[in-house]
Structures are given as C-alpha cells and as structure tokens.
Q: 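What follows is a structure written as structure tokens; I'll ask about it next.
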Amino acid sequence: GAESGLSGHPGTGAVFLTQLCVCQFVRRSELFVARSAHTLLKAKMGADQDIRQRLWANGAVRFGVWVLGLMLLLALAAPGLGTVEPGAMDSNYINKPAFSSGPFALPDGSTVTHTFWLGTDKYGRDLLSRIVIGIRVSLSVGLITLLVSLFAGIGLGSMAGYFGGRTDAVIMWFVNV
C-alpha cells in the first residue's frame, strides 16, 4: 500500500518544537508584511460585502428580513390602520366574521363606526387591533432582550478577557449553565 512520506512521528520531539518556535520568531518579518491602513480598510470592506452577499443569497435570511420588515411597517402604521383600542369590548360584536362593520362602543362611552377587517373574538374585541398592538409589544420585548444580552455579553466577555484564569473559567461555566 501507499505509505506516508514522513518517517516515524514527525513534529513530536522537544528539539523539533524548539527549533520550529525559534525559526518562527526569527523569520516573523517574512510572514507578516506591513500594509497600509487603506489596504486593510479595503480588505475589511470587501469581506463585509462578501458576507452580506452570502447572507442575502440564503432564502431563509431573505424571508426573515421581509417578515421583520413587514412587522415593522405594521407596527409603525398602527395608528393609521383604523384600529380601535385593543381592549375595547362590545357585546354586540361577539365572534363576528371578517369585514363586518357597524357602530362600535369605545371604553369612554362614545361610539365609532368601525370595520372589523379580521373579525372579532368571543369577547367582542377587534382582532386586527389586538394583532397590531401585539406586534408592537413583541418587537419591543425583542429589542430590549437584544440590548440586555448585548451589554451583558460585552461586559462579561471583557471581564473574562481582561482577568483570564479563574475569572474566565467561572464566567464561562456560568454562561454554559
């Protein structure tokens, strides 16, 4: 059969490893050629653009971006969508089908002519109003969670990197648990 061109156990002896380390440090200038900041910035911009192109090529990423964008638009446009107070109940409109309309009693006692685009629930509440307000609440909770985890991660990672040793081990144990 075909055999490896390396004899014995290459790379294992203390003498070999010492010589390798010495050679690395002696020839270090050959390995890392100094580059200008402009070249480094261009290389970083190219890498960022490549990552964005690869992400956008993924269909699941594109779908997620579109869904999140639609949710943001609905949340921002909520006041203009003709919604009513999401907690407002009118017993005259219990379990009405989509596109039904009529005078709807608001909590302050006034009435407004309203079209229930998605119908009403078993308590007579407008489903579209509840969904739109639910989107706003969900996006707010998601954003707050993202910010808390970002700052906690930066803080704990900085402490682990700065102190190292036992502090790093304890923080990593805490994060893994």
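Here, residue 1 is the first one in the sequence, and each next residue gets the next number. No hydrogens, no waters, no symmetry mates; every other heavy atom, side chains included, goes into these values. Here the structure is a predicted model, which means the values were calculated and not measured.
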Q: Let me check something: do Val141 and Val132 share a hydrophobic cluster, defined by ILVMFWY side-chain heavy atoms less than 4.5 Å apart, either directly or through other members?
A: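 As far as the 4.5 Å side-chain criterion goes, Val132 and Val141 are not connected within one cluster.
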Q: Just how far is it from atom CZ of Arg130 to atom OG1 of Thr83, taken to the nearest 0.5 Å?
A: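 Interatomic distance, Arg130 CZ to Thr83 OG1, rounded to 0.5 Å: 12.5 Å.
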Q: Grab the two heavy atoms, one from Leu74 and one from Leu81, that are nearest each other, plus how far apart they are.
A: CD2-CD1, 3.9 Å
Q: Search all heavy atoms of Ile94 against all heavy atoms of Tyr123 and return the closest pair with its distance.
A: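 The answer is CG1-C, 4.2 Å.
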Q: Roughly how far, to the nearest 0.5 Å, is CD1 of Ile135 from OG of Ser140?
A: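 Interatomic distance, Ser140 OG to Ile135 CD1, rounded to 0.5 Å: 11.5 Å.
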Q: Please report the shortest heavy-atom distance between Asp126 and Gly119, naming the atom on each side.
A: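 Looking at all heavy atoms of both residues, the closest pair is OD1-O, 3.6 Å.
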Q: So, Arg125 side chain and Gly87 main chain: donor-acceptor pair closer than 3.5 Å or not?
A: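 Flag not set: sc Arg125 to bb Gly87 has no pair under 3.5 Å.
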Q: To the closest 0.5 Å, what do you measure between CG (Leu139) and CG (Leu146)?
A: 12.0 Å
Q: Tell me whether Arg136 contacts the main-chain N or O of Ala75 through its side chain, where contact means a donor paired with an acceptor under 3.5 Å.
A: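 Yes.
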Q: Is there a chain of hydrophobic side chains (I, L, V, M, F, W, Y, each step under 4.5 Å between heavy atoms) that links Ile144 to Leu150?
A: no
Q: Check whether Trp117 and Ile131 end up in the same hydrophobic cluster, where Ile, Leu, Val, Met, Phe, Trp and Tyr are linked by side-chain heavy atoms less than 4.5 Å apart.
A: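 Result: yes, single cluster for both.
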Q: Counting only N and O atoms by type, is there a donor-acceptor contact under 3.5 Å from the side chain of Thr120 to the main-chain atoms of Tyr93?
A: yes
Q: If you compare all heavy atoms of Asp90 against all heavy atoms of Pro103, which two are closest, and at what distance to 0.1 Å?
A: OD2-O, 3.8 Å
Q: If you apply the rule ring-ring contact (aromatic ring centres under 6.0 Å, His included), what do you find for Phe116 with Phe99, and how did you get there?
A: CA-CA 5 Å; Phe116 303 100; Phe99 305 110; over 10 Å; no
Q: To the nearest 0.5 Å, how far apart are OG in Ser101 and NZ in Lys96?
A: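 Output value for this atom pair is 10.5 Å.
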Q: Taking all heavy atoms of Thr111 and all of Ala105, pick out the closest pair and write down the distance.
A: CG2-CA, 4.1 Å
Q: Under 4.5 Å between side-chain heavy atoms, hopping through other hydrophobics if needed: is there a path connecting Leu143 to Leu76?
A: no
Q: For Leu106, check side-chain contact (heavy atoms from CB on, under 4.5 Å) against everything at least two apart and list the hits.
A: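 If we apply the side-chain contact (heavy atoms from CB on, under 4.5 Å) test to Leu106, skipping adjacent residues, the hits are Val84, Phe104, Asp108, Ser110, Val112.
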Q: Run the side-chain contact (heavy atoms from CB on, under 4.5 Å) check on Asn58 and Arg54 step by step: do they pass?
A: CA-CA 7 Å; Asn58 186 338; Arg54 287 178 33 208; over 6 Å; no
Q: On a heavy-atom basis, which atom in Pro107 and which in Glu85 lie closest, and how many Å separate them?
A: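 In this case the closest contact between Pro107 and Glu85 is CG-CG, 4.2 Å.
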Q: Looking only at atom types and distance, does a side-chain atom of Arg62 sit under 3.5 Å from a main-chain N or O of Ala57, one as donor and one as acceptor?
A: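 Side chain of Arg62 to backbone of Ala57: a pair is present.
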Q: Give every donor-acceptor pair under 3.5 Å between a side-chain atom in residues 151-176 and any protein atom, sequence neighbours left out.
A:
from	atom 1	to	atom 2	distance (Å)
Ser158	OG	Ile154	O	2.7
Asn176	ND2	Met172	O	3.1

Q: Are Val61 and Val67 joined in one hydrophobic group, where the rule is that I, L, V, M, F, W and Y side chains link up if heavy atoms are under 4.5 Å apart?
A: no
